[in-house]
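FYI, side chains are in, hydrogens and waters are out, and symmetry mates aren't considered; it's all heavy atoms of this structure. Since the model is a prediction, treat every value here as computed from it, not as a measurement. Here is how names work: the chains are called A, B, and so on, in the same order as the sequence lines, proteins then strands, and each is numbered from 1.
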Number of protein chains: 4
Amino acid sequence: MSPEVKTPDPARRSERSRQAILRATRELVSEVGYAKLSIEAIATRAGVGKQTIYRWWRSKGAVVFDSFLALSEGADGMALPDTGDIAADLKAVLRATVAEFADPAFEAPIRALNLEIAGDPELAAQYRKKLAGPVDEAKKERLRSAQRAGQIAADADLDLALELLYAPLYQRWLLRSGPLTAAYADALVDHALRALRP
Amino acid sequence: MSPEVKTPDPARRSERSRQAILRATRELVSEVGYAKLSIEAIATRAGVGKQTIYRWWRSKGAVVFDSFLALSEGADGMALPDTGDIAADLKAVLRATVAEFADPAFEAPIRALNLEIAGDPELAAQYRKKLAGPVDEAKKERLRSAQRAGQIAADADLDLALELLYAPLYQRWLLRSGPLTAAYADALVDHALRALRP
Amino acid sequence: MSPEVKTPDPARRSERSRQAILRATRELVSEVGYAKLSIEAIATRAGVGKQTIYRWWRSKGAVVFDSFLALSEGADGMALPDTGDIAADLKAVLRATVAEFADPAFEAPIRALNLEIAGDPELAAQYRKKLAGPVDEAKKERLRSAQRAGQIAADADLDLALELLYAPLYQRWLLRSGPLTAAYADALVDHALRALRP
Amino acid sequence: MSPEVKTPDPARRSERSRQAILRATRELVSEVGYAKLSIEAIATRAGVGKQTIYRWWRSKGAVVFDSFLALSEGADGMALPDTGDIAADLKAVLRATVAEFADPAFEAPIRALNLEIAGDPELAAQYRKKLAGPVDEAKKERLRSAQRAGQIAADADLDLALELLYAPLYQRWLLRSGPLTAAYADALVDHALRALRP
DNA sequence: CGCTAAACGAGACGGTACGTCGGGTCTTAGT
DNA sequence: ACTAAGACCCGACGTACCGTCTCGTTTAGCG
C-alpha cells in the first residue's frame, strides 16, 4: 500500500556510535584527505559496523558534512565586531579569514567540505541553511549597521555586497590563483566599500 | 643523482590513441559525470589498453583536464569586444558567461574540471597556465584599454579587478548560492566599475 | 606473539558459493584446460565475487584440488576385489586404470591435478592425505591378504610394492613415453609379483 | 599460392643473443621458479628484444627446454659403468640419481622441466628424442651386457626393465611421496633384478 | 666495398588476468 | 530493535605480461 521505505527509528539511535563516527571522520579527513577517505576506514576507526553508517547517512559526503556541522554546533551567537568603523571592522574579519585559510590544519578539511558541497546540490542546500546561513546573517547585520550609519548605500543589495567582499578571497583560495595576504584583505575591503558607497 | 624514473618516449606515442582517449573522456564525463567516470570505461570506449592511459597520464583528473585542454586548442585569438563603452562591453561578456553556466551541457563538464582543479595543486597550476591565463590576459587587455580611456583608475590592480567582476559569479555558480541572471551580471559590472573608478 | 593474520570465520561461509565455485572449476578445467583456467573465469561462471575465492583458497591450484576432492567425497569404502588370486585381481585393477588414463574425459583434469601437485609441496601433502592415502591403503590391504595367502613375501615393503606396480604405469602416462595397453598392465603385474615372491 | 608463412633465416641468427637468452632463462628458473618465469624477464635479463625470443621459440616451455638441452650438449659418450656385477653397477647409478634429486640446486630446474614436458606433448616428444633417448639407450646397453652375462633374462623387455628401476624413484621424487635414500635405491635394484632374473 | 634485406634492441600497443580495495547489501549474534 | 562484525556480489583499481606491431640500428651476404 504505502511505499514502505524502511526508515530507522531515530529514537533508538546510538549517540555513542554517532559521535564516534563523526570523530573518526574528522580525524581521517585530516590524515588522508577527502579523496582517499573511505566508509570502510571510518567504520573501522570508529569501531562501528558499516551498516550503522549507511543507515543514518546517504553518502560519504553527508558524513563529512555532518562531521563539520557537529564542530560548529553551539558556536552560534557569532556577531561581528562593531566599532562604528565599518572599514576597520571588515578588514579585521577578512584578515582573520585569510589567516584561517593559510593554516594547513584548516586547509585540508575545509577544502574537502567545499569540494563536497560543490559536487552535491543537496548538501549545498544544507550547507547554506546550517552553516553559511547564520554566518552570512551575522555579516549582513554588521552591514545593516553600516547602512544606518550612512557608510553604505541604504538600498545596497547585501547578498551582492557579501559576494564582493568574500568571493574574490574564496576564489583565490580555492583555485590557488594568487597570494592571500593581509594587504589583499585590506584592498578587497577598500574596493568593496567604494562600490557600496551611498 | 637523478630519480631515474623510467619515462616513456613521447616520439613513439600513438596520436590515434591519444585522440581516442580524450574524445572518450569527454563523452563519458557528459554521460555519467565526473565522479562515476572510470579509467576502465575510458579505455574500453576508446578501444585502448588501460596501460596506455597510465603510461601518459598520472591520474584520472589529468586525463579529464587534457580532454578539456584539447577542446580549447586553436581557440586562441580571443580578444574581447571593444566598443569604447567598458560597462556595455563587460555586461555583454558577463551575460554570456551567465548563459554558459546555465546551459546544462556545459555545466557538468565545467564543474568536473573545477572540482578536479580545486583538489589538485599541480593541475591547478597547469590550468592557470594553459586555460585561465590566456583568457585572463585578454580580459585585462580590455581593462587596460578602459584605463587609457580614463574609465578605470590608471593604477588599478587588474588581477583584483578581474576578481571583483568574476569571483562573485563563479562562487554563486559553484556553490549554487543564488540565481544567475542577466540582471545580476549587470549589477556586478556596475559595482565593480564603481570600485575601480579613477 | 601470533602472526595475527586475519582469518575468515568458517562458520559464516556460504555453502552455496562454495559449491558453485567447485562446480564451475570442474567445468572450466574440462572446457579450457588447466593452463588457461583463470580465477576471473571461475568467479564469473560461479556468479561469485573474486574476493570470495581469494578469501577461502590460497591459489588457483588449491581450488582445482578442492574441486577434485569434492568429487571423491563419499566414494570411500573402496576395497579391491579379492578372489584369492592376487595376480588376476591386480591385473583387473591395473587394466581398469589403463582404461581410465586412455579416456580423454579423464585425461585432462587428472593431468591438471598432477601438475598442480607436482609443483606445490603443500598441495602434495594434502593430496597424499586426502586422496592417495585411502586408495593406497585399500591396495595395501589386498596385498596383505596375499601375504597371508603366501603369494607375496611376508616381509615385503608394501609401499615399494605399490610403486613397483603403479609407478611405471604412472610415468608412461605422465610423460607419454610409451603405449598403455592391457598387455602392458599384465606384464607389470607379472614382473612385480615375481619381485615380491616369498 | 603457398602458405607464405614468413620463416626466419637461421643463417642470420645471432648466436650471441641465443646464448644470452638460454643463460638468462637458466638463471631465472633457478631464481624465481618456473611458474613465475616470464618472457619479459628473460628478454630484459638477456638484453634482448622480446621479438627475438618469439621469433625462435614457440612458447616459454620451448625456451626452458632448450636452455636445458644446451647444458647437456657435448655430454654424450655417457656409457654406464660395467664391472660385470650388474647389481653393484645399477646401485651406484641409482644412488647417484638419488643424490642429484636431493640437491636443491638441481631440484628446481629439473622439476620445471618435468612439469613442462608433462603438460606439452610436443615438448615431450622432443625430450624423449634429445634428452631421455640417449640416456636410456646407454642404460639399455648395460642391461644387454647383463643379459649376455646371464644375469638378466635374455628375452626381458628392456623398456619395462628401465621403468621398473627408475619409475618408482621418479614418482617418489615428483610427488614427494616418500624419502629418497641410498637404501631405497638398493632395494629398488634388488627387486627389479629379481623380477628380471632368467 | 657498398647495398640491401633481415635480424636485432627497444618499447608502445590492445588485451587478459592478476590480487586488492572499497561500495553497498545482507545475515548472524549479541546486547 | 539496533548494533558490531563481517561475508557477500560487484566494479574498479593499478600492475604484470602476453603476443603483435612498429621503430631506428646493426650486421651479414651478394653483387
> For a quick test of reading the model: is some side-chain N or O of B:Ser17 closer than 4.0 Å to OP1 or OP2 of E:dA12?
no
> May I ask you to verify if any side-chain N or O of A:Trp56 is less than 4.0 angstrom from the OP1 or OP2 atom of F:dT3?
yes
> For D:Thr52 and for C:Lys36, find the nucleotide of DNA chain E with the closest heavy atom, then tell me which residue's nucleotide is more 5'.
D:Thr52
> Which part of the nucleic acid does C:Arg13 contact within heavy-atom distance under 4.0 Å: base, sugar-phosphate only, or nothing?
sugar-phosphate
> Does the side chain of A:Asp120 come within less than 4.5 Å of A:Arg58's, by heavy atoms?
yes
> D:Gln51 side chain: which of F:dC21, F:dC18, F:dA16 is closest?
F:dC21
> Does C:Glu40 reach the side chain of C:Arg45, with side-chain heavy atoms less than 4.5 Å apart?
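Sidechains of C:Arg45 and C:Glu40: no contact.
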> Quick one: does NZ or CZ of D:Arg13 land under 6.0 Å from the six-membered ring centre of D:Trp56, within 45 degrees of the ring axis?
yes
> Among F:dG6, E:dC13, E:dG23, which nucleotide sits nearest the side chain of C:Arg12?
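The listed nucleotide nearest to C:Arg12's side chain is F:dG6.
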> Considering only F:dA7, F:dC18, E:dA17, which nucleotide approaches the side chain of A:Lys50 most closely?
F:dA7
> Quick one: on DNA chain F, does D:Lys60 or C:Ser14 contact a more 5' nucleotide (nearest heavy atom)?
C:Ser14
> Which nucleotide, F:dA7, F:dC18, E:dG23, lies nearest any side-chain atom of A:Tyr54?
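It is E:dG23.
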> Taking the side chain of D:Ile39 as heavy atoms from C-beta outward, which of F:dG19, E:dA10, E:dT27 is closest to it?
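For D:Ile39, the side-chain atoms sit closest to F:dG19.
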